[in-house]
2 protein chains.
Amino acid sequence: MARSALSRDEVLDTAAALVKEHGPAALTMRRLAAELGTAVTSIYWHVGNRESLLDALVDRTVTDLGTIRPRGATPAERMVSVARAMRRSLRERPHLVAMVHERGLTERMFLPAQRALVHEAHAAGLRGADAARAVRAVQFQVVGYVLVERNRERSPAQSPGEEELWREEPSTGSDPVLAEALAAPVDTEALFTESVRALVEGLLAGARTP
Amino acid sequence: MARSALSRDEVLDTAAALVKEHGPAALTMRRLAAELGTAVTSIYWHVGNRESLLDALVDRTVTDLGTIRPRGATPAERMVSVARAMRRSLRERPHLVAMVHERGLTERMFLPAQRALVHEAHAAGLRGADAARAVRAVQFQVVGYVLVERNRERSPAQSPGEEELWREEPSTGSDPVLAEALAAPVDTEALFTESVRALVEGLLAGARTP
DNA sequence: ACCTGAACACCGTTCAAGT
DNA sequence: ACCTGAACACCGTTCAAGT
């Protein structure tokens, strides 16, 4: 009757799968036990309690996001590629990343990317405090962007939506093109790339004209 | 024995106070009932269930943040002042704003600020799609920033911290000033103002040299 | 119209007892 | 060393019954 030996890794794997598929709320100790075919209390022996189980999942995610391969011919291109890779990785694991955010470990998760950015900032000729400011500006930009995007995507269908709100906005009566533009949905992918490119160029411009 | 008539507003007030003081996790139906001096089930008559109670609290917060007074002599200054006011309002009600975020209503909450930004963009001479891009860029910047800041602040004391990590980072061996700058804590207040100012100037520059 | 207690189906966690 | 069921103290919610 007894199933084969339970291991900490098996617990973590099953828990991660549960979170990836159904979100963190679906990860109850009882459901996890059912999925594993063990008693609820066995889980406690392997991972302590629910809180440290979540900690372990978050740790895994943080290490998973540690692989960064900058691409491109110039330092600027490579910095943009790092930013885009960071954004992509984050968006692939929404639930797990949300848990990383909740635990305030976003910074830690970005350390490898930060290192890559330092390397490219140096290659572009930035030094000292200027290089530090550039690295942090890009990091804040990316993290902030992803958080905003997640936010927007989780937003339920709203009534009235942005569209209706801006269609009959009196303050834009003299500028129908503006009203139209604000009523249209945001292309966040394009806006992200544009913003990062502009930011990086702005930051690197300092290196050429000190 | 029976207390004076319970009202929906009283329920919301007490719930809001509970969230402001002890965070959303402290808002259980039983604790709220105890605070109000009623039976748990009475609350259900007034607000439906816990979910719609939270919805109502979030609605309140969204309207509370609707007051925006731009200050400054130039459109650029006034746009920066709007951004700073948005940030301040958000940071004054961390728990309630977090609930707004969770419900994906951040955009809605920013509509009044968006209107103010549209006004100033117009005053600065921006029109049509350029104005829309400027408004959205500022909005994304502010929201993203506040989210990142909250994230950083909730982060528990980490070991090793950023400081230790960058002190002995080999990649910065040739640039001790950079290592020093990255090891130092970020002055997010200053970085915010600098970033917004630079962004706004960059966006308005387009109006003068089309 | 408003309030109530009892009951239901869930939680996470502890613990003494098994092997 | 590992697993178990029973029990505890919590949840949110429903509902029939009161006034």
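Below, read A as the first sequence line, B as the second, and so on, with proteins coming before strands; counting in each chain starts at 1.
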Considering only dT13(C), dT4(D), dC3(C), which nucleotide approaches the side chain of Met29(A) most closely?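 Of all the options, the side chain of Met29(A) is nearest to dT13(C).
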Of the nucleotides dC2(C), dT14(D), dT4(D), which one has an atom closest to the side chain of Trp45(B)?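 When the side chain of Trp45(B) is considered, dC2(C) is the closest of dC2(C), dT14(D), dT4(D).
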Could you please name the partner base of dA9(C), counting Watson-Crick and G-U wobble pairs only when both distances are under 3.5 Å?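 Paired with dA9(C), as far as the under-3.5 Å criterion goes, is no nucleotide at all.
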With a 3.5 Å limit on both atom pairs, tell me what dA16(C) is paired to, counting Watson-Crick and G-U wobble, or say none.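 Paired with dA16(C), as far as the under-3.5 Å criterion goes, is dT4(D).
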Contact class for Thr28(A) vs. all strands (heavy atom < 4.0 Å): base, sugar-phosphate, or nothing?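 If one applies the 4.0 Å heavy-atom cut-off, Thr28(A) turns out to touch the sugar-phosphate alone, with no base involved.
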When the nearest nucleotide of DNA chain C is assigned to Ile43(B) and to Asn49(A) on a heavy-atom basis, which residue is associated with the more 5' position?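 Result: Ile43(B).
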Main-chain N/O of Leu111(A) paired with Arg115(A) side-chain donor or acceptor, under 3.5 Å: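 Not confirmed, Arg115(A) side chain does not pair with Leu111(A) backbone.
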Are the side chains of Val196(A) and Arg84(A) in touch, meaning some heavy atoms are under 4.5 Å apart?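 Side-chain contact under 4.5 Å: no.
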In whole Å, I'd like the distance from the [atom1] atom of [X] to the [atom2] atom of [N].
X        : N       : atom1 : atom2 : answer
Glu51(A) : dT13(C) : CD    : C1'   : 13 Å
Tyr44(A) : dA17(C) : OH    : P     : 21 Å
Leu27(A) : dC11(C) : CG    : C1'   : 13 Å
Arg31(B) : dG12(D) : CZ    : P     : 12 Å
Leu53(A) : dC11(C) : CG    : C1'   : 15 Å
Arg8(A)  : dC3(D)  : CZ    : C1'   : 18 Å
Leu36(B) : dT4(C)  : CG    : P     : 10 Å
Leu6(A)  : dC3(D)  : CG    : C1'   : 9 Å

Distance under 6.0 Å and angle within 45° of ring axis: Arg87(A) vs Tyr145(A):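 Not flagged: Arg87(A) not positioned over aromatic ring of Tyr145(A).
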Side chain to side chain contact (heavy atoms under 4.5 Å, CB included) between Arg60(B) and Asp13(B): does it pass, once the steps are laid out? CA-CA 10 Å; Arg60(B) 273 193 173 197; Asp13(B) 287 343; 2.9 Å; yes
Ignoring backbone atoms, test whether Ser42(B) places a side-chain nitrogen or oxygen under 4.0 Å from the OP1 or OP2 oxygen of dT4(C).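 Answer yes for this pair, as a side-chain N or O of Ser42(B) is under 4.0 Å from OP1 or OP2.
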Can you see if the side chain of His46(A) gets near the phosphate of dA1(D) - specifically, an N or O under 4.0 Å from OP1 or OP2?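 False: His46(A) side-chain N/O out of range (4.0 Å or more) of dA1(D) OP1/OP2.
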Arg71(B) atom CZ, over 12 foreign heavy atoms within 6.0 Å: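 It does not: Arg71(B) CZ has 12 such atoms or fewer within range.
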Base dG5(C) to side chain Thr41(B), donor-acceptor N/O within 3.5 Å cut-off: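 Result: at least one qualifying N/O pair found.
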